[in-house]
Amino acid sequence: MTPKEQLESCYRFVSEKISFVPKIALVLGSGLGAFADKIQVTATLNYADIPNFPVSTVAGHAGRFVFGICDGVPVAVMQGRVHMYEGYTPQEAVLPIRILHLLGAKILFLTNAAGGIQPGMKAGEFMLLTDQISSFVPSPLRGENIETLGVRFPDMSEIYSKRLNQIIRRIALNEDIPLKEGVYLQTAGPAYESPAEIRMFRTLGADAVGMSTAIEAIAARHCGMEICGVSCISNLAAGISPTPLSHEEVKEAGDKAAPQFEKLVRTAIAQIAELTE
Ligand code: HPA
């Protein structure tokens, strides 16, 4: 099955099950999945119940679409995502994003847990994504271009929308939520980085590092979605952190950050919906 055929088959299945047009699509990263329980749910769909759909296997990632209303705004939430380190191709990893686009979402709000590299960063803070480095992972646009989604050589000069970022910045300031900003770098994972790799990433201009998001953002820009992204800095990156890194630490940080995260995301959804009416 080609990536195009896989997308068409999954989209057909989802659209036959769900007659819901989301305004905003939201991807919840490690430890941040609880947000989906805070919306007024109209339907859910487990990834595992969609034939040919890539299924997430990571603890802390529920692996389903949640459709519902958040303060009056129709949203589609990915509670859990699939990663390349699970063995999926980059095309498979971005398939859910493309489905959300086909369902009608014009805005994509990406979230993740990430290791902090920027000097002065603290675990538990958030980072607004202003740009990204995806050069260490293969492109999700590799192979035959799906012309119905976008052009062969899409522009990436403003991956993260300046106007959406302005909204998020203002909310963080008003709500007293610590928000750094910077460049997110995606690695292939699943091992955390070595201290030497982190020093290299810092030299290259990265402020935070994680194992997702950048390829999703590329696929979303390819099909014309407007994007914003927030990392939860769950730990300081290897060599900066005084202790070894663990997935437990990452999930715990997500749980701790949950109330502020919910406030930031919920308020942002309402204001972004107003802006794009
Ligand atoms: N490195 C890569 N991915 C991560 C990290 C990290 O330090 N923390 C959370 N996800």
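Counting convention: from 1, in listed order, for ligands and their atoms alike. For clarity, every value in this text was computed on a predicted model and none was experimentally measured.
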Aromatic ring proximity, centroids under 6.0 angstrom, Phe201 and Phe136: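 That pair passes the under 6.0 Å test.
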Charged N to carboxylate O below 4.0 Å: is that the case for [X] and [Y]?
X	Y	answer
Arg152	Glu147	no
Glu226	Arg163	yes
Arg81	Glu216	yes
Glu16	Arg12	no

Trace of the salt bridge (charged side-chain N to carboxylate O under 4.0 Å, His left out) decision for Asp207 with Lys180: CA-CA 9 Å; Asp207 296 292; Lys180 295 271 161 66; over 6 Å; no
Report every pair formed by an N or O atom of ligand 1 and a protein N or O atom separated by less than 3.5 Å, giving atom names and the distance to 0.1 Å.
from, atom 1, to, atom 2, distance (Å)
ligand 1, 1 (N), Glu193, OE1, 2.8
ligand 1, 1 (N), Glu193, OE2, 3.3
ligand 1, 7 (O), Asn235, ND2, 3.0
ligand 1, 8 (N), Gly115, N, 3.4
ligand 1, 8 (N), Asn235, OD1, 2.7
ligand 1, 10 (N), Ala113, O, 3.4

